[in-house]
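One structure below.
Residues: numbered from 1 along the sequence shown. The structure presented is a predicted model; accordingly, all values stated were derived computationally and were not measured. Every heavy atom of this structure was used, including side-chain atoms; hydrogens, water molecules and symmetry mates were not.
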Amino acid sequence: MPELPPPITVVGIGADGWPGLATGSRAALREAETVVGGPRQLDLLPRDEVTAERVPWPSPLRPAVPGLLAAHAGRRIAVLASGDPMFYGIGRTLAETVGAERLRVLPHPSSVSYACARLGWPLEATEVVSLVGRPLDTLSLALHPGRRLLVLSADAATPAAVAELLTARGYGDARLRVLEQLGAPAERHLDGPADGWPHPPGDPLNVIAVDLGDGPRTSLVPGLPDAAYESDGQLTKRHVRAATLATLAPSPGELLWDVGGGSGSIAIEWLRAHRDCRAVTIERDPVRAERIARNAAALGVPRLRVVTGPAPDALTELPAPDAVFIGGGLTAPGLLDACWTALRPGGRIVANTVTLESEALLTEWYRRHGGELVKLAVAHAVPVGGFTGWRQAMPVTQWSAVKPDDEPNDEPDGEPAGEPDTRTPETPQENAS
């Protein structure tokens, strides 16, 4: 049996550096032949006690990991990580690259643990949002009245950027506390309101505690008000949208194709269902595609990928979906076939239409593949002179089905693509409901 390579030791280290390390962590670093870490972390190690070769991480980090580890294969490697390596840290990348069985992880208290200890906040009841390598608009999804958040900063400018976003989103009265250099002798706390944040940029190593207080209320369940979206009218209306998302049934980690994005509402609310949900919107109109991206950012899911181009041609390079929604362009030659073929076995497909021509097509697919064929009708109370009457929206025909497990898909696997929009004036499904 071939000899197994030595494990990679991942050592969590705090802002207090070498004095704050446990005995086992110090011993692992003394025994290492190569220590890999960020320049700031490497500078925390005393050279008289840690004599290993010091290798700073290159940028970008993730693509360089396999080559860097291969270059030091056979040596005793220690990797430095900030705080707990498995909490938004390098530990995840290493586990995915070499396998968890190759790692020996020695955690240190995370900045979140330190922050909750300083604030007296229960860790399990505190939501954490990382802005390290993520768009600022990611924070918008976590904004709810009365909530407390801990925000992991990207740099010294993050607190001011967070304060500006909170103010723009209606949370200008939120209280911010910036906790710098947690656990180190130079630890410092700054306090102030979001609106008019009074402090200049400080230490780049900081965590932001946010008491949101009062502000706009946004539901987490599907069916946001239509006014939440910037739209040219191509929008799946609220009640039909809620019914459509219920049928699509999002689950963590699953990928949605939103074909004919319109204003992006289906993909956006799919992503809002869980932070691990993924979605691509396909939209052939570049103006609408840009509008979708703005809606996604405003509603806290800037990770939505928007693909601009006509379906089915724009679908060919996308990873296989777990669910497909078709809200426009149903009569485009080969569109339904392409979506059905690409769908993973066990995946769901949902298609909405208001036209007789597309309804006939969905009826044929219902005959061939089964599933459910339903008619959704919504009426709103409106003034009629001095009285009140009902105004009926155009009824929406919806076909949904689950692809059998024994029917393979022909599309490649891969990372999620984007969020394109293919609803067009001649396929007005979004306007109808």
Side-chain angles (χ1 to χ4, degrees), residues 10-17 19-25 41 44 79-95 100 103-134 136 138-155 158-159 161-163 165-166 171 174-194 202-215 218 220 252-253 272-277 300:
V10 189
V11 178
I13 190 168
D16 51 352
L21 290 178
T23 301
S25 297
Q41 296 163 335
L44 295 173
V79 175
L80 293 175
S82 295
D84 186 341
M86 304 309 296
F87 184 74
Y88 290 104
I90 189 64
R92 175 176 177 174
T93 298
L94 292 172
L103 301 183
R104 176 188 176 217
V105 180
L106 304 176
H108 186 275
S110 69
S111 59
V112 168
S113 293
Y114 273 121
C116 285
R118 300 292 188 268
L119 298 164
W121 291 3
L123 183 59
E124 73 278 6
T126 302
E127 185 168 359
V128 179
V129 179
S130 176
L131 296 181
V132 180
R134 294 169 175 82
L136 179 66
T138 303
L139 180 60
S140 297
L141 186 59
L143 303 184
H144 302 281
R147 297 288 292 171
R148 289 171 168 174
L149 309 174
L150 286 178
V151 181
L152 306 183
S153 283
D155 51 35
T158 304
V162 166
L165 181 139
L166 290 171
Y171 285 90
R175 179 188 180 191
L176 272 62
R177 280 171 282 184
V178 178
L179 313 176
E180 299 178 345
Q181 289 282 336
L182 280 163
E187 180 175 325
R188 184 176 71 148
H189 300 178
L190 304 173
D191 195 314
D203 195 286
L205 199 63
N206 70 82
V207 174
I208 308 165
V210 182
D211 268 309
L212 285 168
D214 292 332
T218 304
L220 288 174
R272 286 174 60 87
H274 193 275
R275 65 183 180 183
D276 290 336
C277 285

Assess whether atom CG of D276 is packed by more than 12 heavy atoms of other residues, nucleotides or ligands within 6.0 Å.
yes
Counterpart residues, side chain to side chain donor-acceptor pair (under 3.5 Å), relative to [X] (two or more places apart):
{"X": "T93", "result": "R62"}
{"X": "S113", "result": "S110"}
{"X": "T218", "result": "none"}
{"X": "T158", "result": "D155"}

So, using side chain to side chain contact (heavy atoms under 4.5 Å, CB included) as the criterion, who are the partners of [X] when residues are at least two apart?
{"X": "P185", "result": "none"}
{"X": "R188", "result": "E180, L190"}
{"X": "L136", "result": "L131, A161, V162, L165"}

Residue pairs, two or more places apart or on separate chains, that pass salt bridge (charged side-chain N to carboxylate O under 4.0 Å, His left out) and touch residues 107-123
R118-E187
4.5 Å side-chain heavy-atom contact, [X] and [Y]:
{"X": "L166", "Y": "V210", "answer": "yes"}
{"X": "H108", "Y": "V11", "answer": "no"}
{"X": "L179", "Y": "H189", "answer": "yes"}
{"X": "Y88", "Y": "R134", "answer": "yes"}
{"X": "L21", "Y": "D16", "answer": "no"}

Closest non-hydrogen atom pair between [X] and [Y], with its separation:
{"X": "W121", "Y": "A209", "answer": "CH2-CB, 3.7 Å"}
{"X": "L212", "Y": "A142", "answer": "CD1-O, 3.9 Å"}
{"X": "L176", "Y": "P159", "answer": "CD2-O, 4.0 Å"}

Listed partners of R275 passing salt bridge (Lys or Arg N to Asp or Glu O under 4.0 Å), at least two apart
none
Tell me every residue that passes salt bridge (Lys or Arg N to Asp or Glu O under 4.0 Å) with D191, counting only those two or more places apart in sequence or in another chain.
R175
Value rounded to 0.5 Å, distance of CD in E127 from CG in L141
7.5 Å
How long is the straight-line distance from SG of C116 back to CD of E124, given to the nearest 0.5 Å?
8.5 Å
In residues 79-87, what donor-acceptor pairs under 3.5 Å come from side-chain atoms, sequence neighbours left out?
from, atom 1, to, atom 2, distance (Å)
S82, OG, R40, NH2, 3.3
S82, OG, Q41, NE2, 2.9
D84, OD1, M86, N, 3.0

When you look at R104 and V10, which way does the side-chain contact (heavy atoms from CB on, under 4.5 Å) test go after all the steps?
CA-CA 6 Å; R104 176 188 176 217; V10 189; over 6 Å; no
Decide side-chain contact (heavy atoms from CB on, under 4.5 Å) for V112 and L123; before the verdict, give the C-alpha distance in whole Å, the side-chain angles of both, and the deciding distance to 0.1 Å.
CA-CA 8 Å; V112 168; L123 183 59; 3.2 Å; yes
Please set out all donor-acceptor pairs under 3.5 angstrom arising from side-chain atoms of residues 145-154, sequence neighbours excluded.
from, atom 1, to, atom 2, distance (Å)
R148, NE, D211, OD1, 3.3
S153, OG, N206, OD1, 2.5

